[in-house]
2 protein chains.
Amino acid sequence: MDDGRRRPVTIADIAAATGVATSTVSRALSRPGRVSAATRERIQAAARELDYVPHPTARALASGRTGTVALVVSDVTNPFYFGMIRGTQQQLKAAGYAHLLIDTEDSGEHEIEMLHTMRRSLDGAILGASRLPARSLVALADEIPLVTVNRNVRGVPSVVIDTPAGIAQAVEHLVSLGHRDIVYVSGPQQSWSNQARWQAMKAALERHKLGAQRVGPFPSGRGSGTAAADAVLNSGATACVAFNDLFAIGMLTRLRERGVRVPADLSVVGCDDIFGADFSNPPLTTLTAPIEQAGRVAVSLLVSRLEHQPLRRAVVLPTYLTVRDSTGPRR
Amino acid sequence: MDDGRRRPVTIADIAAATGVATSTVSRALSRPGRVSAATRERIQAAARELDYVPHPTARALASGRTGTVALVVSDVTNPFYFGMIRGTQQQLKAAGYAHLLIDTEDSGEHEIEMLHTMRRSLDGAILGASRLPARSLVALADEIPLVTVNRNVRGVPSVVIDTPAGIAQAVEHLVSLGHRDIVYVSGPQQSWSNQARWQAMKAALERHKLGAQRVGPFPSGRGSGTAAADAVLNSGATACVAFNDLFAIGMLTRLRERGVRVPADLSVVGCDDIFGADFSNPPLTTLTAPIEQAGRVAVSLLVSRLEHQPLRRAVVLPTYLTVRDSTGPRR
DNA sequence: ATGAAAGCGCTAACAG
DNA sequence: CTGTTAGCGCTTTCAT
C-alpha cells in the first residue's frame, strides 16, 4: 500500500479533503470543543483516513508549548536516581509529556548552562538534586518552570523527603539498642541532603545528651565505603549512620574484608533504601525514602503549574526506618 | 541589568545589530565555514553580546533535524536498563544530542504507536529490547533511523551482547565443578534474549552429552525468584542458570528462606551482572554483560548513520563469566 | 561571500 | 462556528 516515501500529510491535506480551513482542522484536532460536532466528525475521519500524525515541532513552534519536561540529575550512574527516573517517567507519560533526561555530571555550571540552552525546548524541568546556589536557582526559575526535589528554596516549588525525621528515628533505634558512640558518615559537602542529615543527627544525639561526631566527607559512590569503614572503625564508634545506602553497602563489603561482624561489632544504618539494600549482606537497616513517589509528586506539581494557576507550594514526604539485619544490640 | 521579561533575542536582532542579513547570521552560527572570517567574528561577538540562545524548535522545524534521540525500554523499572541508560546518556551528550526516555510498558503496541507518533520529533531511536516482530521492526526502521540492542533483524543496525557464548562458559564452569543436572530458569517467552539463552544452554549441555531441562517461563521481575527457586529445587538439579540476575537474586532470597545453602546445596548463575550482583548474599556468579558499552556503541552507530553514510552493521559484544560465590562444587 | 525570499507545519488572534 | 491572515525563529535555495 504505502510506499512510506510520500510527503507526510499535514493539516492542509485534511483541510483540502474536507473543504474547510486549516485553522478549523487545527481546532478540530486540538480543541474538539470549539468546533461543531458535524465538521469535527468529518475532520477526524479524514485525519484517520489519511493516517495523519501531528508534527510536534511545528506545534511547539507555533504554540510555545513543547510537551517535554526534563528530569535533571547530577549523575545518572547513582542508583538513588533510578527511583526518581521511574517515578517521573510514569507520571509524565500519564500526563502526556515526553521525558528528557539530563545529566549534569555533578556540576552546577553544566546544570545552569544546559537548562539555559534548552529552555526553549522544554515546558519545564525537575531538578533531582540541584547543585546550584539559591540565587542561581531563583534566577533559573524565572526562565523556565522548575520543581526541585530535596532542595528547598523560597519561591521554587519543591518536594522534599523528610529524611531528618527519619534520622531521628534511626538514632532512637540505635540508642535503644544500647549504642552511645554513634558516628555520622558524611557525604559530599555541597550536598544539601548531606547537610540536612548531619544537622538532624546532631540534634537527635543532643536530645540524648550524646556527642555527635562525624567522619568524612567522602565523595559520592560506593567506592567511598572502604575509606568510610576504616574511618568509622578508627573512631571507636559502635554504630554509624551513613549519608546514603551506597556508602553503607560499600562499608559492608569493606567490613567483611576486615573481618568485622555486622551488626555484632558494628551497626550500620543507611539512607534511602535504594535497589539492593534489601538483599545486601547483611540486609541493610535504612531510611526508606519514597523516591519514586517524590518523582511523581514533583511531576504533578509541575504539570498543574503548567496547566493551571501558579500554585507554588512545597510538599514534604515522610521517611520511615526500615530495620533489617545490619543493626543490633551493642555488644 | 536584564529583567528577564524582554522578548528573547533572535537572529533578526543580531542581523540588525551587525547590519547583515538573517541568513548570514544563520550561517555564521551554524556553519561558520561558509562565512568570511571578518563577518563571522562580528556576528559571533554580537551573539555573545546579546546573550543569544538558538531556538531549538525553530531550528528543528526549518531543518528537519531535532537533535534528539530516544532510548526505548520496555520497563524503566528493570535494573538491566540502568546501564543502558547510563551508556546512551553519556554518548549522546558527547555527540550533542538530547536524550529522550521512552517506556513502552512491555507492549509492542505501545512501542510502535509511540515511536510512530514521535517520529517527527526524533532524529532516531535506540530500541533497548524491542518486543516487535521482525516485520514491524523493519517497517518502523523505514520511518525513523533505528538501532536495536540485543535484537538482530536483517537490515536494522544492531548491537548484540553475546550472552550465548557466555552461557557456554557458564555451563563449562558448572560441569567442571561436577554438576550434571543443570537447569535453565526461563524468562518471558516473547523475550528474544530468553530464547537465545535457552538455545545456547541446550547446545552447550548437548556438547557434554547432558540433557537440557528448563523450568518456567516466569514473568520479568525479582518476584519470580520465589517460584523459580521452588521449581528448581523440585527439579532435583544441583545447579541452574537463570535468565537474568533479577531472577537469580530473587532465588537467592527464597533459597535462604527455605534453608537451602548456596552454593553447597545448589549453585546458581545469573546473567547480566546488574548493579547489586556483586554484593548480594552470596555474591552472584554471573555473565558480565557490557551493557553500558552496548548503549554507547548503539549511539555511535546511530549517530554515525545520522551524520555520515548509511553504514548499517551489526556489532557483537563479548560477555564473560564472573565467578563469585554462588557457584561451587557439586556436593 | 552575502542577501532576498520562500517556506517548515501549525496555532492564534481577529473578523465575520 | 468558521475562515483569513499572520506569524513562531530558523534554514535554505536561488540569485547576485
Side-chain angles (χ1 to χ4, degrees), chain A residues 6-44 46-47 50-68 116-123 306-307, chain B residues 6-44 46-47 50-68 116-123 306-307:
Chain A
R6 257 203 307 262
R7 182 177 55 74
V9 3
T10 71
I11 56 173
D13 299 322
I14 301 182
T18 51
V20 299
T22 58
S23 52
T24 304
V25 176
S26 173
R27 286 187 202 103
L29 265 24
S30 328
R31 256 98 112 172
R34 285 167 137 53
V35 162
S36 82
T39 54
R40 184 199 319 145
E41 290 303 318
R42 270 176 42 233
I43 291 175
Q44 293 180 338
L50 300 175
D51 187 29
Y52 168 74
V53 177
H55 195 309
T57 307
R59 189 173 274 189
L61 183 56
S63 70
R65 277 166 278 106
T66 63
T68 302
H116 186 66
T117 306
M118 315 198 62
R119 99 196 109 122
R120 312 298 304 272
S121 46
L122 297 174
D123 284 351
L306 292 178
E307 297 176 357
Chain B
R6 255 203 307 262
R7 182 178 53 74
V9 3
T10 71
I11 56 171
D13 299 322
I14 301 182
T18 52
V20 300
T22 59
S23 50
T24 304
V25 175
S26 174
R27 288 187 201 102
L29 264 25
S30 327
R31 257 100 107 175
R34 286 167 136 56
V35 161
S36 81
T39 55
R40 185 199 318 147
E41 290 303 317
R42 268 175 45 231
I43 292 175
Q44 293 180 338
L50 300 176
D51 188 27
Y52 168 74
V53 177
H55 195 308
T57 307
R59 189 174 274 188
L61 183 57
S63 69
R65 277 166 277 106
T66 63
T68 302
H116 186 66
T117 306
M118 314 198 63
R119 99 195 108 121
R120 314 295 305 270
S121 47
L122 297 174
D123 284 350
L306 293 178
E307 298 178 354

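So you know, we letter chains A, B, ... as the sequences are listed, proteins then strands, and number each from 1. Everything numeric in this text was worked out from a predicted model, so none of it was measured.
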Does any pair with a residue in residues 10-21 of chain B pass side-chain hydrogen bond (donor to acceptor under 3.5 Å, both in side chains), and if so which ones, sequence neighbours excluded?
->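 Only B:Arg7-B:Asp13 qualify under side-chain hydrogen bond (donor to acceptor under 3.5 Å, both in side chains).
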Which side-chain hydrogen bond (donor to acceptor under 3.5 Å, both in side chains) pairs, counting each pair once, include a residue from residues 32-43 of chain A, with sequence neighbours left out?
->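 Non-adjacent pairs meeting side-chain hydrogen bond (donor to acceptor under 3.5 Å, both in side chains): A:Ser36-A:Thr39.
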If we fit an axis to the first five pairs and another to the last five of the helix from C:dA1-D:dT16 to C:dG16-D:dC1, what angle do they make, to the nearest 10°?
->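 Nearest ten degrees gives 30° for this helix.
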What nucleic acid atoms does A:Val20 come within less than 4.0 Å of, heavy atoms only: base, sugar-phosphate, or nothing?
->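 A:Val20: backbone/sugar contact only, no base atoms under 4.0 Å.
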Heavy atoms under 4.0 Å, any strand shown: does B:Ser26 hit a base, just sugar-phosphate, or nothing?
->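 It contacts base atoms.
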Nucleotide range of DNA chain C lying under 4.0 Å from chain B heavy atoms = C:dA1 to C:dG9
List the residues meeting side-chain hydrogen bond (donor to acceptor under 3.5 Å, both in side chains) with [X], not counting sequence neighbours, and say none if there are none.
{"X": "A:Ser121", "result": "none"}
{"X": "B:Ser63", "result": "none"}
{"X": "A:Ser30", "result": "none"}

Set of side-chain contact (heavy atoms from CB on, under 4.5 Å) partners for B:Ala16, sequence neighbours left out | none
B:Ala58: side-chain contact (heavy atoms from CB on, under 4.5 Å) partners, not counting sequence neighbours | A:Leu61, B:His55
Are there any protein N/O atoms within less than 3.5 Å of an N/O atom in nucleotides 4-8 of chain D, and if so, which ones and at what distance?
from: D:dT4; atom 1: O4; to: A:Ser23; atom 2: OG; distance (Å): 3.2
from: D:dC8; atom 1: O2; to: A:Leu61; atom 2: O; distance (Å): 3.4
from: D:dC8; atom 1: O2; to: A:Ala62; atom 2: N; distance (Å): 3.3

Go through residues 29-41 of chain A and report each residue with a non-hydrogen atom lying under 4.0 Å from DNA chain C, sorted by number.
-> A:Ser30, A:Arg31
Could you pull out all residues at least two apart from B:Asp123 that satisfy salt bridge (charged side-chain N to carboxylate O under 4.0 Å, His left out)?
-> none
